[in-house]
Each structure stands twice: as C-alpha cells, then as structure tokens.
Amino acid sequence: MSVAEAPINEAIKALTAKDFATDQEVRWCPGCGDYSILAQVQKVMPTIGVPRENIVIISGIGCSSRFPYYMNTYGMHSIHGRATAIASGLKASRPELSVWVVTGDGDSLSIGGNHTIHLLRRNFDINILLFNNQIYGLTKGQYSPTSEVKKVTKSSPLGSIDHPFNPSALAMGADGSFVGRTMDRDPKHLQMMLTRAHQHRGASFLEIYQNCNIFNDGAFEIFTEKATKPEEVLFLEQGKPLIFGAQQNKGIKLDGFRPVVVELGNGVSADDLWVHDEKDFYKAQILTRMFDDPRADNHLPRPFGVFFESDRLCYEDAMKMQIEEAVAAKGKGNLDKLLRGNEIWEIL
Amino acid sequence: MITRFNLQRFNGDFRLTKITKTELFTFNLANKRIKMRKEAVLQDVVIKFAGDSGDGMQLTGQQFTNNTALLGIDLATFPDFPAEIRAPQGTLPGVSGFQIRFSSDRVFTPGDLCDVLVAMNAAALKSNLKSLKPGGKIIANTDGFDSKNLRLANYPDGINPLEDNSLGSYELIKIDVTKLTRESLKDFPELGVKERDRAKNMFVLGFIYWMYNRSLENTINFLKEKFGKKDMILQSNIKVLQAGYNYGDTTETFTTRYKVEKAKLPAGQYRSIMGNQALAMGLIAASEKSGLPLFLGTYPITPASDILHDLSKYKNFGIRTFQAEDEIAGITSAIGAAYGGSLGVTTTSGPGMALKGEAMGLAVMLEIPLVIVNIQRGGPSTGLPTKTEQSDLLQAYYGRNGECPMPVIASSTPSDCFGVAYEAARIAVQHMTPVILLSDGYIANGAEPWKFPKADDLQPIEVKFKKELAEGEERYQPYARDEKLARPWAVPGTAGLEHRIGGLEKQNITGNVSYDAENHELMVKLRQEKVDRIADYIPEQKIDTGAEKGKVLVLGWGSTFGAIKSAVLELTAQGYEVGHAHLRYLRPFPKNLGAILKNFDQVIVPEINNGQLVKIIRDEFLVDAKPYNKIQGVPITKSELIEFIKTFL
C-alpha cells in the first residue's frame with residue numbers, strides 16, 4: 001500500500017476502533033455475523049497506518065453492503081454487484097487511496113460476478129471482503145450462488161438444483177494475486193487476515209464465512225464451533241506443515257496431485273507432510289479445491305488462511321506509468337496543438 | 001494554400017504542372033509535348049465513393065475530404081457502411097459508401113443526390129444509382145462487373161449495365177481499375193495479387209484528384225505516416241496513386257478538369273474535423289480548463305468506439321482510459337473516478353445506454369458529476385449499428401426507474417460536438433449532476449471544416465471542491481446545497497469531511513439514509529428543481545435561420561441541423577415566412593423556448609425517429625406541433641423536407 005509506506009503520524013497512531021464507528025444505528029439482525037466482522041475491521045483500521053480520510057469503503061447491495069454507513073471513513077453504498085467496478089474506477093484515478101470493497105456472495109458472485117473476476121485479473125490494489133453466508137438475506141431467504149445443492153429455501157422448496165461456486169477457486173481462476181479465507185467467529189484470525197489483505201499490494205480476495213442466523217443459521221457451524229472446529233478446520237501458516245485435529249495429530253500429504261489425510265505417529269512425522277507455501281501457484285490451486293462437503297464421509301478438512309500470494313504489477317501503477325511515459329515521450333499535452341491538428345488552412 | 005505541384009510528385013516522369021484559374025497547361029518536359037485542357041469551375045459537387053466493404057472506400061473518402069478541406073472549400077460528408085466488417089464480397093449488403101459534398105458556397109448537408117458516383121463493382125452501382133442525379137457521371141471499375149460480380153449484385157443472367165445502354169442518361173466513364181493497378185505495380189514483383197489489388201482505391205483517388213485538379217501531397221504524407229516502416233507498401237501505394245492521376249492526365253478522352261473555388265467562410269484558421277474526434281477534444285479541453293483529470297470508463301460499441309480510440313492516444317494529457325469489462329462497469333468505474341474528483345465520462349450507444357440505466361440512477365442519487373455520451377444508432381436492440389437515428393431521446397429523458405431527471409444536451413454537427421462536450425462537462429461539474437450528451441452516427445462519422453478555437457478563448461470551467469468545514473459548521477453536510485441547488489463535492493483524501501453516500505434515499509442536508517415519506521417527496525422535488533434551474537445558466541434559444549416570427553417554425557435537434565437549415569434557407573429565399581430553431585439544450589429547455597413557439601402559427605419537428613421531441617414539446621408547451629419523421633437509418637434530405645414544410649405554407 002502506497003499510503004502505508006508514508007510515515008505514520010501520531011494522530012493516526014492515536015486513533016482507536018471507536019474513531020472508526022459512526023453515529024448511525026447498526027441495523028443488522030441481532031446475532032448476525034456481520035457485527036463481528038464490523039468490530040474486527042474497526043479494530044484493524046487504526047493499526048494499518050492509513051489516515052482515515054484516505055480509506056474508502058465501497059459496497060454493493062445486500063445485508064453486508066450496509067457496512068460503509070457504519071465506518072467513519074469515506075464510503076459509498078452503491079448498486080447491486082457494481083462495487084468492484086466503482087472501486088476499480090476510483091483506484092485507477094486515485095491510486096494513493098486505500099480502497100476496500102465489502103460485498104456478499106450474491107453481490108460479488110452472482111449479479112456482480114463479472115466485475116469481481118475482472119478486478120482480480122487486472123490486479124487493482126483493492127481489498128475485497130466477501131461476506132459469504134450462502135444465502136440471500138436481504139431479500140429474505142433465497143438460495144445463493146454459494147448455497148449447497150439440495151438446499152431448501154423460499155425459492156427452492158424442493159431443494160436447490162444449482163451447483164455452487166467455490167469462491168477461492170474462482171478467485172484463483174481469475175488470477176487473483178491474494179486469495180484467502182477466514183470466518184466471523186474467529187476474531188483473531190479475522191483480524192490477522194484483514195491485516196494481510198491490506199498489506200498485500202494487489203487485489204486481495206478475502207472470503208469471510210459469515211453466519212446468517214435468520215435464514216441460514218449454522219451454515220458454517222462445523223467450522224466455527226469448538227466441538228468440531230479442530231477436526232474440520234485446517235489453518236494455513238506460511239512455512240508450516242499442514243496439521244490439524246484436536247490433538248494436532250493429523251496432517252495433509254500429497255499423493256500425486258491428491259491431498260490425503262494422514263495420522264501422525266507410527267512412522268509418519270510432520271516432515272512427511274505438505275509444507276504450506278503461499279507463493280506456490282500450483283499447490284494453491286489444490287488447496288482451494290479442498291472443498292469437500294463436510295457432511296460427506298472421509299471428507300478433507302477445510303483450509304483457512306492465505307492460499308496464495310504473489311507480486312504482480314497493479315493496474316493503477318501500469319496506468320500511471322503509461323501516462324508518465326507518454327508525457328516523457330511527447331511532452332505534456334498542449335491543448336492548442338491538439339485543437340490545431342496537423343493540417344490547417346486559413347481563410348483571410 | 002492553392003494547389004501546388006512540384007517536380008518530385010511525378011518522379012520517374014519529370015513534369016511541371018501549372019494551374020491558372022481557367023486553363024491548365026501541362027508541360028511534359030520529357031516529351032516536349034504540350035497539351036491543352038479545359039477547366040470548368042463548379043460551385044457545388046457531390047461525389048459518392050462506393051465499393052465493396054473491403055475496397056477501402058472510407059479511406060478514399062477521408063483522403064479526398066482532407067484534400068478538399070485544405071483548399072478552404074466548404075464540405076460535409078456522410079460515410080455509410082455495413083455493420084459487418086466484411087460482408088460477403090461483391091454482394092449488395094457488402095457495399096460501403098462515402099459521400100462528400102464540397103462547395104465554394106456554404107454547405108450544411110452532404111447533399112441529397114450526387115453528381116459523381118464511383119462504383120467499384122456492380123453491387124455498388126446497383127445500390128447507389130438511385131441517388132445519382134440525371135446526367136451525373138459514373139466512374140465504373142469494369143473489373144467489378146464481371147459475371148461473378150453481376151450475379152452477386154443480382155443482375156439477371158447476361159445483363160451488364162455497363163454494356164446494355166441502360167445507363168444512357170448518365171455519363172459513363174469505364175476504367176479497368178484492377179488491371180491498371182496491377183500493371184502500374186509491375187516493378188513490385190514481391191507483391192502478391194491480393195496486395196496489389198488492395199491498392200485499387202489509390203488509383204481511383206489519384207484519378208479523382210486529377211479530375212478535380214488536386215495535389216497529391218496530403219495523401220502522400222498520409223501514406224508515409226501510415227506505412228512509414230513498410231517501404232514497399234508505401235512506395236507501391238504512392239505509385240498507384242500517381243498512376244491514377246497520370247491516367248487522367250495522359251488519356252486523351254478526359255478533356256475537362258473541374259475546380260471548386262474556396263468557400264467564403266468567416267476568416268480564421270480551419271481544420272477538418274469528424275464528430276467523434278471533436279467530441280473527444282471537447283472532453284480533453286474541459287479537463288484542461290477545469291483542472292480535473294479526465295477518466296473515461298467505457299466499453300467498445302459502434303458508433304462510439306472512436307472516442308475511446310482518440311482519448312487513449314492522448315495519455316500525455318493525463319487522461320485515463322479504462323476499457324471496462326462491460327457497459328455497466330464502464331459507467332460505474334466513471335462514477336468511482338468522479339467520486340474521487342475526476343471528470344468522469346462514459347461513452348456508448350443505445351444498447352449500452354439501456355445497460356447503464358441503473359448506474360445513471362445511482363449518479364442522480366449521489367448527485368455526482370458525470371458525462372454520459374450516447375452516439376445514437378438505429379434501434380431497438382442491436383438494431384442498425386452503423387446507421388443513424390435519433391431514437392434515444394425519450395430514453396434519455398425517461399429511461400430510468402424512479403423520478404430520475406438528468407440534463408440532456410445534443411450536438412447538431414460534427415464540429416458542434418466539441419462545444420457540446422465542453423458544455424456537458426461544465427454543467428456536470430458546476431451543477432453536480434450526471435449529464436446525457438446525445439450525438440448520432442451521422443454526426444460521429446461525418447466531417448466538416450472547423451474554425452477551431454484557441455485554448456485561451458475557452459471559458460474556464462470553475463470547479464469548487466469542498467476542502468474543509470466552514471466557520472461555524474459543526475460537521476460536513478453532504479447534501480447541503482448552493483444557489484444552483486448543487487451539493488458540495490468533497491473527495492476522499494480530504495481530512496475532516498469523511499462521509500458516506502449511496503443509492504438509498506437521502507435525508508435532506510445530512511445525506512443520511514432516510515425512509516421518511518415527506519423527506520422523499522422533498523428530495524424528488526429538489527432533484528427535479530436542480531435540473532430545471534440549469535435553465536438559468538444556459539443561453540436563451542435563438543432562431544438560427546429565417547423568420548423570427550410568422551407562419552412556420554421548424555424546430556430541430558441533433559443531426560437534422562444541416563437539412564433543416566438548408567431547407568429553411570431555400571424557402572426563405574423563395575419568400576416564405578419560415579424560421580429554424582435548433583435545440584442544443586433538450587432538458588431543461590432554454591427559458592424562452594415557449595415564447596418562440598408562440599411566435600409562429602405552426603411548429604414542425606423533423607426527426608429521424610418515430611416522433612420523440614415532438615411528444616415532449618406537445619407535452620411541455622401544449623402546442624399542436626407536427627412531426628416529420630424518417631426512420632430509414634439515413635439523414636433527412638433537404639428536398640423532402642421542403643416539400644413537407646410547403647404543405648403548411
């Protein structure tokens with residue numbers, strides 16, 4: 001982040017989470033996962049070293065998209081699916097701003113799917129926070145593009161026949177330069193992932209599992225609740241072997257291209273396991289494909305953390321460079337020369 | 001800038017050419033032969049270049065246009081080409097045409113009928129013969145009339161119009177362009193047949209240059225620029241161009257050359273300009289004179305893409321052009337840039353406008369400056385992509401959900417696009433509103449001479465950003481308003497003015513989300529009043545031509561300007577009481593428009609649509625305005641309009 005590189009002045013340092021709250025009443029349903037995400041974002045913002053006025057949060061439509069109203073920064077609550085495109089225009093023209101997109105599974109993967117993938121491929125230095133609750137909440141409970149097959153909702157009384165998106169695999173497919181996953185119920189991990197998303201220079205795609213306690217309560221329970229979380233969640237840490245389990249006694253190994261669960265002990269040690277490397281483009285694809293239905297037998301645990309991070313030229317930087325090169329080659333634009341053109345004649 | 005010939009232009013055939021007003025002497029020093037030819041002075045000529053869409057007729061037309069313009073001759077052009085890049089070769093749908101009218105008198109339209117028809121093949125002749133004047137010249141490429149081409153053009157078996165005297169009422173000039181082009185490239189053995197044949201249009205252009213007494217200079221310069229790095233292609237094109245010229249010069253059959261004198265345009269410096277080009281320049285000028293960086297978010301669409309092409313060439317003006325993934329991203333990225341303090345622009349045509357509708361509503365709600373350019377084409381749906389129409393006016397007025405008023409302005413000629421683009425930007429940033437600019441395919445691709453302005457003569461566009469809280473102001477109120485009812489523009493990065501805006505209804509002044517019933521009504525009225533009040537900041541409507549009051553007012557907008565003006569000029573000359581008013585400002589209307597309408601017994605509204613402005617005029621002013629409509633993808637002609645107006649005189 002260019003802004004982060006600027007010296008952090010005392011005033012910014014002194015800010016707290018409260019300084020990022022607004023006087024607007026927060027209107028999500030009581031118990032909504034969005035509250036936790038808002039709290040963690042407000043906690044992280046004072047720590048990233050960006051003056052409040054240089055932070056812009058842009059959202060589309062949906063429950064999550066109310067977010068900007070509750071953040072005392074610049075913000076825009078725009079139209080359905082287009083936050084990513086609006087943010088792209090803003091970032092292209094004002095590269096020094098820290099631009100965040102807050103969106104949901106319907107907003108960014110259904111109506112706004114097109115802009116999401118194009119933002120990722122262009123690699124604008126924008127942080128996308130995708131609140132995935134696998135349901136349409138604001139329109140009161142229809143299945144979403146991330147809902148599981150057979151899901152019974154208001155619009156699918158016989159069960160949904162739509163095959164769901166795998167958001168992180170989609171982001172990898174669109175050449176996202178930072179792809180990660182976290183959850184509303186793990187504040188520390190969420191804070192860490194927000195910071196990582198901010199620190200990454202390029203498009204950051206952070207999927208946040210978020211519970212909708214009204215229309216899809218418990219959708220991620222298996223990953224978030226103490227009883228099941230250790231067995232179901234695989235936390236990715238750079239340079240560390242892939243270990244999980246309540247006793248930290250299980251690991252992931254690659255059998256060819258296929259990840260398999262192995263028990264540690266009996267001659268199997270951590271040295272035999274897959275060691276996570278965020279820079280490994282090929283292995284990141286396998287990690288994002290660890291997307292088994294947790295209800296299925298012998299399913300793999302679901303990874304959380306940074307799947308992939310890479311350095312790639314940002315669109316806004318390339319755009320700026322082209323302008324600088326054009327000025328260097330042709331000189332700064334001269335309006336009179338432009339209007340006159342190459343061939344003129346004179347009437348006396 | 002009188003036509004000059006110099007020696008190098010005819011290298012390999014050393015020759016000095018000198019022109020006087022009425023005579024042309026050609027001294028061929030090599031042969032010591034002197035020929036004498038007649039030269040006729042004409043006032044007004046219309047030429048149509050027609051050929052297959054792969055024959056390069058657009059380029060030929062543009063080159064002849066530039067050549068004509070540089071001589072100070074007034075002109076207007078009408079390129080007319082198929083939607084397919086290469087429709088099946090030789091067929092009627094594949095015909096591409098370029099019409100140019102040039103005159104020593106003022107020109108306002110490309111002409112109803114042409115004097116000269118260049119037909120590169122049978123299909124070109126067949127589809128354009130109806131627009132040739134009786135007695136007009138046909139320059140036909142005989143090679144394009146072989147049995148295959150005749151069949152593709154749907155001529156009956158065994159019928160060749162060049163051979164059966166059916167063109168007896170015209171002056172038929174037959175030239176085997178293909179053969180002559182190939183022969184003139186004998187010294188270029190490296191070139192294949194295809195490459196040789198591609199230069200056919202240069203032969204025709206050279207011949208027409210000879211016929212109208214022109215210099216080859218500007219086209220040779222153009223070729224140098226275009227093919228500078230491909231020397232063989234450059235040399236072969238120049239060779240063919242000169243061969244075409246020399247063909248006219250050395251073939252005894254062509255005894256008369258023609259000349260059109262300079263037009264009596266107002267004094268000043270001129271250049272030739274096309275509509276989209278002028279529009280791009282208007283946007284750049286507005287950026288420079290407002291100090292706002294220009295951001296174009298757009299998606300390619302015919303006939304608007306040339307604005308993107310043009311603006312992307314001028315990055316040294318700090319312009320950011322963003323070729324978005326779709327029309328919606330085009331406008332929303334521009335909204336994002338405008339939110340950040342840029343001059344946000346999006347350009348499109350009808351189908352794209354439909355896609356942008358929701359985002360326009362957002363811009364209205366955000367009260368953010370934005371210029372939305374619609375280069376109209378035939379609709380609905382994909383419609384007629386390369387044909388002109390004025391059928392998006394009602395869409396511009398009403399085509400969004402909710403009460404969603406936006407200013408609408410329209411350009412009337414190619415060069416007018418400059419001023420209209422500049423004005424659209426001014427209104428947008430000074431009144432904090434998205435503005436719709438309507439142009440159309442006819443203006444976009446048409447060319448005319450333009451007395452271009454000096455940068456210093458352009459009225460600066462004053463922009464005020466809100467930088468800090470005023471004294472006594474406790475917190476920033478994003479929806480507080482000034483005397484124009486414009487809200488302040490505070491951009492991200494401004495400390496102390498952090499605020500949130502969005503598409504939900506705003507509470508008056510604070511901009512907070514509000515579902516309050518009375519507040520909504522107030523905001524709807526305020527947004528309308530803000531647009532209406534623009535009428536206080538635009539010039540009053542003037543009568544362009546003819547009577548200030550009397551029997552008939554012809555009220556137009558957009559590209560019908562030339563046809564209406566020409567018709568009214570002619571009717572006025574015949575002593576009729578007719579006036580012509582042409583609207584640049586369509587929403588709001590100039591304040592005095594109602595008064596002007598009352599000065600006439602009858603109001604006629606000609607449009608290239610099924611009657612759109614006429615509906616609004618009837619609605620707004622309760623006058624019994626009469627429509628004149630043509631919906632054929634081509635401009636209205638002067639003569640048909642005169643005929644219609646006369647029925648009310």
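Lettering follows sequence order; numbering is per chain, from 1.
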How far apart are the closest heavy atoms of Ala263(B) and Ile347(A), and which atoms are they?
-> O-CD1, 4.0 Å
Check whether more than 12 heavy atoms from other residues, nucleotides or ligands sit under 6.0 Å from atom CD of Glu468(B), and answer yes or no.
-> no
Chain B contact via Phe67(A) - side chain, backbone, both or neither, heavy atoms under 4.5 Å = neither
Interface moiety of Ala278(B) toward chain A, non-hydrogen atoms closer than 4.5 Å = neither
Region of Ala285(B) that comes under 4.5 Å of a non-hydrogen atom in chain A | both
Contact class of Gln24(A) relative to chain B, heavy atoms under 4.5 angstrom | side chain
Please name the pair of heavy atoms, one in Leu335(A) and one in Glu288(B), separated by the smallest distance, quoted to 0.1 Å.
-> CD2-CB, 4.1 Å
What residue, out of Ala329(B), Gly493(B), Gly318(B), has the most heavy-atom pairs lying under 4.5 Å from chain A?
-> Gly493(B)
Test item: Arg94(A) side-chain N/O and Gly340(B) main-chain N/O as donor-acceptor pair under 3.5 Å | yes
Relative to chain A, which segment of Pro293(B) carries a heavy atom at a distance below 4.5 Å: side chain, backbone, both, or neither?
-> neither
Bottom line for Thr73(A): the part with an atom under 4.5 Å from chain B's heavy atoms is backbone
When rounded to the nearest 0.5 angstrom, what is the spacing between NZ in Lys454(B) and CG in Asp336(A)?
-> 6.5 Å
If you check every heavy atom in residues 167-176 of chain A against those of chain B, which residues fall under 4.5 Å?
-> none
Could you have a look at Ile55(A), Ile61(A), Thr22(A), Ile79(A) and say which one has the most heavy-atom pairs with chain B under 4.5 angstrom?
-> Ile79(A)
Just give me the residue among Leu497(B), Thr321(B), Val513(B), Ile335(B) that pairs up with chain A most often, heavy atom to heavy atom, under 4.5 Å.
-> Leu497(B)
Part of Leu366(B) lying under 4.5 Å from any heavy atom of chain A | side chain
Criterion side-chain hydrogen bond (donor to acceptor under 3.5 Å, both in side chains) against Asn72(A), the qualifying member of His499(B), Glu498(B), Arg500(B) | Arg500(B)
Minimum heavy-atom distance Arg475(B)-Asp23(A), with the two atoms named = NH1-OD2, 2.9 Å
Examine distances only and state if a side-chain atom of Arg320(B) and a backbone atom of Ala92(A) form a donor-acceptor pair shorter than 3.5 Å.
-> yes
When the 4.5 angstrom heavy-atom criterion is applied to Asn66(B) and chain A, the contacting part is side chain
Inspect the contact between Asp326(B) and Arg82(A) and indicate whether a charged nitrogen and a carboxylate oxygen are less than 4.0 angstrom apart.
-> no
Interface residues of residues 109-121 of chain A facing chain B - heavy atom cut-off under 4.5 Å = Asn114(A), His115(A), His118(A)
So what's closer than 4.5 Å to chain A heavy atoms on Leu458(B): side chain, backbone, both or neither?
-> side chain
Glu346(A) versus Tyr270(B): any side-chain heavy-atom pair under 4.5 Å?
-> no
When rounded to the nearest 0.5 angstrom, what is the spacing between CH2 in Trp450(B) and CD1 in Ile344(A)?
-> 12.0 Å
Max heavy-atom pairs within cutoff under 4.5 Å with chain A, candidates Gly344(B), Gly336(B), Gly502(B), Pro449(B), goes to Gly336(B)
All heavy atoms of Trp345(A) vs all of Leu70(B), minimum pair found to be CB-O, 3.4 Å
Ring geometry between Phe322(B) and Tyr315(A) (parallel below 30°, tilted from 30 to 60°, perpendicular above 60°) | perpendicular
All heavy atoms of Val491(B) vs all of Tyr74(A), minimum pair found to be O-OH, 3.4 Å
With side chains defined as the heavy atoms from C-beta onward, is the minimum distance between Pro453(B) and Leu339(A) less than 4.5 Å?
-> yes
Does a donor on one side chain sit under 3.5 Å from an acceptor on the other, for Arg271(B) and Asn342(A)?
-> no
If you draw a 6.0 Å radius around OH in Tyr70(A), do more than 12 non-hydrogen atoms from other residues or ligands fall strictly inside?
-> yes
Top of Pro492(B), Ala267(B), Ser333(B) for chain A proximity - count of heavy-atom pairs under 4.5 angstrom = Pro492(B)
Best-contacting candidate, Phe317(B), Tyr314(B), Phe418(B), against chain A by heavy atom pairs under 4.5 angstrom = Phe317(B)
Checked Val56(A), Leu348(A), Val327(A), Leu338(A) vs chain B; the most non-hydrogen pairs under 4.5 Å come from Leu338(A)
Which residues pass the salt bridge (Lys or Arg N to Asp or Glu O under 4.0 Å) test with Asp310(B), sequence neighbours left out?
-> Lys313(B)
Contact class of Asn334(A) relative to chain B, heavy atoms under 4.5 angstrom = backbone
Of all the heavy-atom pairs spanning Ser93(A) and Ser342(B), show the shortest one and how long it is.
-> CB-OG, 3.5 Å
Test item: Tyr339(B) side-chain N/O and Met76(A) main-chain N/O as donor-acceptor pair under 3.5 Å | no
Residue by residue, which of residues 356-365 of chain B have a heavy atom closer than 4.5 Å to a heavy atom belonging to chain A?
-> Glu358(B), Ala359(B), Leu362(B)
Heavy atoms only, distances under 4.5 angstrom: which of Ser65(A), Pro68(A), Ala83(A), Ser59(A) has the most pairs with chain B? Name it, please.
-> Pro68(A)
More than 12 non-hydrogen atoms from neighbouring residues, nucleotides or ligands closer than 6.0 Å to NZ on Lys466(B), yes or no?
-> yes
Closest-packed option against chain A by number of heavy-atom pairs under 4.5 Å, given Asp456(B), Ile328(B), Ile284(B) = Ile328(B)
Do Glu325(B) and Arg122(A) meet the salt-bridge criterion of a basic N to acidic O distance under 4.0 Å?
-> yes
Quick one: does Leu504(B)'s side chain get under 4.5 Å of Tyr69(A)'s, heavy atoms only?
-> yes
Less than 4.5 Å apart, any side-chain heavy atom of Lys332(A) and any of Asn316(B)?
-> no
